[in-house]
Number of protein chains: 4
Amino acid sequence: MGQRGRKKGANGERSRSLLLAIAADEFAHKGFSDTKISTIVKRANLSQPTFYLYFESKESVFQELIQLFRSKLFDLTKSSRLEPGIDLTSVPERISQVLAAIFHFFKENPNLTRIGLFVGEEAEDIKKQLSKQIMDNLISEQENGYFHLVLT
Amino acid sequence: MGQRGRKKGANGERSRSLLLAIAADEFAHKGFSDTKISTIVKRANLSQPTFYLYFESKESVFQELIQLFRSKLFDLTKSSRLEPGIDLTSVPERISQVLAAIFHFFKENPNLTRIGLFVGEEAEDIKKQLSKQIMDNLISEQENGYFHLVLT
Amino acid sequence: MGQRGRKKGANGERSRSLLLAIAADEFAHKGFSDTKISTIVKRANLSQPTFYLYFESKESVFQELIQLFRSKLFDLTKSSRLEPGIDLTSVPERISQVLAAIFHFFKENPNLTRIGLFVGEEAEDIKKQLSKQIMDNLISEQENGYFHLVLT
Amino acid sequence: MGQRGRKKGANGERSRSLLLAIAADEFAHKGFSDTKISTIVKRANLSQPTFYLYFESKESVFQELIQLFRSKLFDLTKSSRLEPGIDLTSVPERISQVLAAIFHFFKENPNLTRIGLFVGEEAEDIKKQLSKQIMDNLISEQENGYFHLVLT
DNA sequence: CATGAATGAGACTTCATTCAT
DNA sequence: CATGAATGAAGTCTCATTCAT
């Protein structure tokens, strides 16, 4: 039997994430209103009630995805905050690393990104908040003397 | 009867364009699926059957708007085709005039533009076709020796 | 043609009151949860969407019926308020008239009464308010010297 | 193994009566249709399949409760049947004892009583049967010469 | 030219109930 | 003894569209 000890209940989480992934895909490609629960569950080979076993409503899955995008993304930018006393020569490199990480994240999570940046009503908010956080990082870096911002 | 001579057809056309304009606004701001006929006619102070007096279906109004955008826009770019033998010194000015005309058109027709470039499923097609036509113009101009393209 | 001038739109109100009456009957006999919109419209020879043409939701028809009961009933008790200077000998007769009117109303509107007094969640409230109003009337009558209350 | 001798069947019966009691409470307070199996098992800290381990269906628990009410109640009234040759002076007392027992039963079993007398579709039947049995008792007592019924 | 009235089709959601472990 | 997971059936509600006047 070895490493196949899981059995009972093991598929609950699997079903949930399957549904979540398919939902992300549908929302990303068709928008909220054109995404049908019936399509999601059909693609997951499950029945409609199963969807409601794991999510409260269509709206709530959508919100969950938006939140997921927000938290993953802001974790990324937050981790980029530079600390005083750092080796000055490494600063530009770190900045570019963060931007690279962001674009890498976008590329690795295209559905989530589409939803977060283009589909949701909060899209504008998210973009603003993202810009602000990046800006703040840059500014705090600037204040720490790492470099000078030149606005044009 | 005297001053009641105007009438037949007059209000018909008025209602039609009113509906079309409101539809454009709704489609532009809410997308296809979230646009409801009931909202359109309410805003126009008309009834639902009246809508079907002028349009075959929701889909068909949408297509009509897409067509309108396409034709207006391509008329614009077509009219910019330069003819051989033109005064060479006026070329840069004409090119900038065309681009200005396009952006002016975008600004003057925000709803149509949103629909044509972002809402419709044909959006990608339209953008490609638009780029191509502009490119073609530039190239034909280039071939006519007006200038040299430098791709970077 | 004579007195049959009504035609267009005349049946809207008819459909509405038909649905309302049937709804009252169903709610009275089966309670809120066991009353199905599908049954109501079937009995009215109408389709489900028609129901929503006239009512916002199942809940809202129910509330409308409760309100109807309340207002009709309280109109009845309100109209019973005795005014000072009335012929004293007529007081007992008027009181009994009001009670008779109430019971007559109950008998004439059995569905509404069942809903108002037994089905709705507000039933207890309504009963209390009804008692209070009757009491108030009696007391004001008593204060006006029409008679003396003897509580036992 | 020692002190783990009690077990098999013990918890089973415990779960069963727990579910039955909660079901009674829910049915009594919300009626049949608004009572959900999911609520019952949640309150019992059990799962839905467990419910079906002990009962065949929602309907069947309901019927079981109705039967329970009926049998308990009719046991009560049956035990009140007076036998010929009894001491005549004790008759009124015994009658009042039976009525007291009935009302005591109602008070001690409020949920069952609500279900039996007000919720179930058989409510009317039960009430009739109850009246009849009480009546029969009275009549048989009357026939036995214990007293004379005076209907007004 | 216009509308009041009505509806078929289909979406989201809930619930009693079962399967497999 | 008990449960995690799943579902058929049915209910409420919405929307594009049509009929008859």
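We name chains A, B, ... by the order of the sequence lines, and we start the count at 1 in each one.
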Mind checking if C/F55 touches a base, just sugar-phosphate, or nothing, with heavy atoms under 4.0 Å?
nothing

Is C/T35 touching bases, backbone alone, or none of the nucleic acid, heavy atoms closer than 4.0 Å?
sugar-phosphate

Within less than 4.0 Å of OP1 or OP2 of F/dT3, is there a side-chain N or O belonging to D/S47?
yes

In whole Å, what is the span from the CZ atom of B/F32 to the C1' atom of F/dA16?
10 Å

Measure from NZ or CZ of D/K58 to the centre of the six-membered ring of D/F32 and say whether it is under 6.0 Å with the direction within 45° of the ring axis.
yes

Of all the base pairs, Watson-Crick or G-U under 3.5 Å, which form stems of three or more consecutive pairs involving DNA chain E?
E:2-21 with F:2-21

Whole angstrom value for the distance that separates P of E/dA11 from CZ of A/F51
14 Å

Can you tell me how the ring of D/F69 sits relative to the ring of D/F106, calling it parallel under 30°, perpendicular over 60° and tilted otherwise?
parallel

If only side-chain N and O atoms of B/S38 are considered, is one of them under 4.0 Å from the OP1 or OP2 phosphate oxygen of F/dC15?
no

Ignoring the backbone of B/Y52, work out which of F/dT18, F/dA2, F/dC13 is nearest its side chain.
F/dT18

5' precedence on DNA chain E between C/L53 and A/E56 (nearest-nucleotide basis):
C/L53

Any carboxylate oxygen within less than 4.0 angstrom of a Lys/Arg side-chain nitrogen, looking at D/R16 and D/E64?
yes

Contact nearer the 5' end of DNA chain E, comparing A/E59 with D/Q48
A/E59

Using a cut-off of 4.0 Å on non-hydrogen atoms, how would the nucleic acid contact of C/T39 be classed: base, sugar-phosphate, or nothing?
nothing

Hey, does the side chain of B/S15 come within less than 4.0 Å of E/dA2's phosphate (OP1/OP2), counting only N and O?
yes

Heavy atoms under 4.0 Å, any strand shown: does D/L46 hit a base, just sugar-phosphate, or nothing?
sugar-phosphate

Tell me which nucleotide among E/dT18, E/dA11, E/dT14 gets nearest to the side chain of D/P49.
E/dT18

Return the nearest nucleotide to the side chain of C/K36; candidates are E/dT7, F/dT12, F/dT3.
F/dT12

Residues C/Q63 and C/E59: side-chain donor-acceptor under 3.5 angstrom:
yes

Between E/dT7 atom P and C/Y54 atom OH, what is the distance in whole Å?
9 Å

Which nucleotide in the list F/dA16, E/dA16, E/dC12 gets nearest to the side chain of A/I37?
E/dC12

D/K42 NZ to E/dC15 P, in whole Å, measures 9 Å

May I have the distance from B/L19 (atom CG) to E/dC1 (atom P), rounded to whole angstrom?
13 Å

